[in-house]
Amino acid sequence: MIDPHVLRDDPDRLRDSARRRGEDESIVDTLIDLDVAKRTAQQAYDEIRARQKALSKKIGPLQGQARKDPDNLDTQRELAELMSAAGAMSDEVKAADARAAGLSAELNQAWLSVSNVVDPRSPVGGEDDFVVVSTHGQPRDFNAEGFIAKDHLELGQLLGAIDVERAAKVSGSRFYFLTGVGALLELALLNLAIAQATKHGFIPVVPPVIVNPQAMEGTGFLGQAADNVYQISEEDSYLVGTAEVPLAAMHSQEIIDAGHLPLRYVGWSTCFRREAGSHGKDTRGIIRVHQFDKVEMFVFTTLEQADAEHQRLLAWEQEFMDTLEIPYRVIDVATGDLGASAARKFDIEAWIPTQETYREVTSTSNTTQFQARRLGIRTKIDGATTPVATLNGTLCAMPRMIVALLENHQQPDGSVEVPKALRPYLGLDLLPVRP
RNA sequence: GGAGGGAUGGCCGAGCGGCCGAAGGCGACGGUCUUGAAAACCGUUGAGGCGGUACCCCCGUCUCCGUGGGUUCAAAUCCCACUCCCUCCGCCA
């Protein structure tokens, strides 16, 4: 949700944002019409309701009088007149109320379909129009080392770490078993990530992964992204695609003490994604799966601080990549690829040797006040209550991080060297090939 | 799954159908006192919409007492449904 005042004061900002996103800007005119109609109806209701209340207020005392002096016909008549006038007004009030409520619901519905106003710095365009911000680390030259890199699935099988065939038997395509060192690797990554986050003051959280429609709607995942959401129809609830959802909704309808901001959480949760519309993409291995675990940072802060916090989240993501000694680049995601709630988004893409390209492993978004408005999360600044800003950033999405780790640190025989920082958490310097 | 109890402002907690956006307390904020602080005393203190020509202030008005319906001239208060929480019993990670 966007500040409704923008609609009245500067509707061109909304049109401009929609255009940059490649979305239909005619929604702005619909909103303006609905906004005017709703306010008019609301004023009509307020006015008639005020008259009704004034009238009703007179009835009580008059009834008292009538009881004390039952023979006074003037009082009786006056009372009867008031009652019938108020009775007639009652229907009018109900009608006016229904009109205003209907328009208000319609307006809200329209607002929900509007994506966040993009940051003017976000590059305009589609998925491929990102801007490379920086590149870090040096991809290995496997030719120079004298061997051909194996892909993560082959490595995973050699190590006894990844089993997709049996997962297909049990669950279908895009599922996997992590076994042996694969399972240990996930746990080690989890602990390393949580250790880094808590070191920086994040509060660790294990959130629920089944949420109600308000949480899903509030975080902006029931719009264009709805296709990718698993719905539990019997329960009218959803499986989350990221811990961002429960972490954001955790403080919905609350006023957070300004002294507690920035409020930083690091959540660990399973994530569920239908991956509808991605048939044929990344079908090999565990790059694109229906279920995975992820360590996610989530921050509540002020709008003024949001941009600086976004940079910090990116820096923490980079710190994690650096720790794991994986080459990567940072991209500024283009407007058409932001999703409904983000104003600006940076992705970290890890170098994947066998694909000879960079692939997304983490992502951080500044959703400004978009989610906070929908979820009713506010704070008090100088006596005024105002929506907070929310931001999120991936610290470690397990399957993709494991892919990057295996491929980048592999040895000629298929064993994998463990980055130093991970060794204490794993208890191994090398993932050995299974005999 | 069965039985009972509850949901009110930042928190606790009262509330007869009209005088209730709501007593009282706590907390917070401002002030008096004090070298400073504490204590004591005085005062202020919910959110949101719309309008009064503009952000804040101020004024008016409407909405909000778990959610949604209903009864009534009038609902925090009466009725119905739902959700959540608590206690007890049963079942079970």
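Just so we're on the same page: letters track the sequence lines, and every chain starts at 1.
- Under the Watson-Crick or G-U wobble criterion, with both distances below 3.5 Å, B:rG68 is paired with B:rC80.
- Atom name P, nucleotides B:rG9 and B:rU67: the rounded distance is 10 Å, in whole Å.
- Distance, A:M1 CE to B:rG49 P: 12 Å, rounded to whole Å.
- Of all heavy-atom pairs spanning A:L431 and A:L159, the tightest one is O-CD2, 3.3 Å.
- In the model, A:D293 has a side-chain atom that pairs as donor or acceptor with a side-chain atom of A:T270 under 3.5 Å.
- With 3.5 Å as the limit, one finds no donor-acceptor pair spanning the side chains of A:Q42 and A:R39.
- When the shell of 6.0 Å around CH2 of A:W316 is examined, it contains more than 12 heavy atoms from other residues, nucleotides or ligands.
- Under the Watson-Crick or G-U wobble criterion, with both distances below 3.5 Å, B:rA3 is paired with B:rU87.
- Within the 4.0 Å cut-off from OP1 or OP2 of B:rG51, at least one side-chain nitrogen or oxygen of A:R39 is found.
- The base of B:rG49 sits within donor-acceptor range of the side chain of A:D46, with an N or O pair under 3.5 Å.
- Contact annotation: A:R8 side-chain N/O to B:rC50 OP1/OP2 distance is under 4.0 Å.
- Between A:R174 and A:D282 there is no salt bridge, since none of the side-chain N atoms of the basic residue sits less than 4.0 Å from a carboxylate O of the acidic one.
- Per the geometry, CG belonging to A:D10 stands 19 Å off P belonging to B:rA54, to the nearest Å.
- The pairing partner recorded for B:rA74 is none, the criterion being a Watson-Crick or G-U wobble arrangement whose two distances lie under 3.5 angstrom.
- The aromatic ring centroids of A:H310 and A:F346 lie less than 6.0 Å from each other.
- In this structure, NZ of A:K57 is placed 14 Å from P of B:rA74, rounded to the nearest angstrom.
- The partner of B:rC11 is B:rG25, judged by Watson-Crick or G-U wobble contacts that both fall below 3.5 Å.
- Between A:Y45 and B:rC50 there is no side-chain N or O to OP1 or OP2 distance below 4.0 Å.
- The side chain of A:A50 lies closest to B:rU61, out of B:rU61, B:rG48, B:rC73.
- To the nearest whole angstrom, the two C1' atoms, one in B:rG25 and one in B:rU32, are 23 Å apart.
- The nucleotide B:rC55 finds no pairing partner, because no Watson-Crick or G-U wobble arrangement with both distances shorter than 3.5 Å includes it.
- The phosphate of B:rA74 (OP1 or OP2) has a side-chain N or O of A:Q52 nearer than 4.0 angstrom.
- One can place CG of A:L7 at 15 Å from C1' of B:rC50, the figure rounded to the nearest angstrom.
- Regarding contacts with the backbone of B:rG48, a side-chain N or O of A:T385 is found under 4.0 angstrom from either OP1 or OP2.
- The phosphate of B:rU61 (OP1 or OP2) has no side-chain N or O of A:R49 nearer than 4.0 angstrom.
- Under the Watson-Crick or G-U wobble criterion, with both distances below 3.5 Å, B:rA47 is paired with B:rU63.
- Side-chain N/O atoms of A:S104 include none lying less than 4.0 angstrom from OP1 or OP2 on B:rG49.
- Both A:S56 and A:H5 lie near RNA chain B, and the one whose nearest nucleotide falls closer to the 5' end is A:S56.
- Atom NZ in A:K53 sits about 12 Å away from atom P in B:rA74, given to the nearest Å.
- When both pairing distances are held under 3.5 Å, B:rA37 makes no Watson-Crick or G-U pair with any nucleotide shown.
- Taking the centre of each ring, A:Y265 and A:H251 come in below the 6.0 Å mark.
- The residue among A:A86 and A:E47 whose nearest nucleotide of RNA chain B lies closer to the 5′ end is A:E47.
- Here the separation of B:rA81 from B:rA22, taken at their P atoms, is 32 Å to the nearest Å.
- Distance from the side chain of A:I255 is smallest for B:rA47 among the nucleotides B:rA47, B:rC73, B:rC62.
- Residue A:Q43 contributes atom CD, which lies 9 Å from atom P of B:rC50 at whole-angstrom precision.
- Close to B:rG69, at under 4.0 Å from its OP1 or OP2, lies no side-chain N or O of A:K94.
- Protein atom CD of A:Q253 is 14 Å distant from nucleotide atom P of B:rC65, rounded to whole Å.
- For A:Q42 and B:rU63, the CD to P distance is 9 Å, given to the nearest whole Å.
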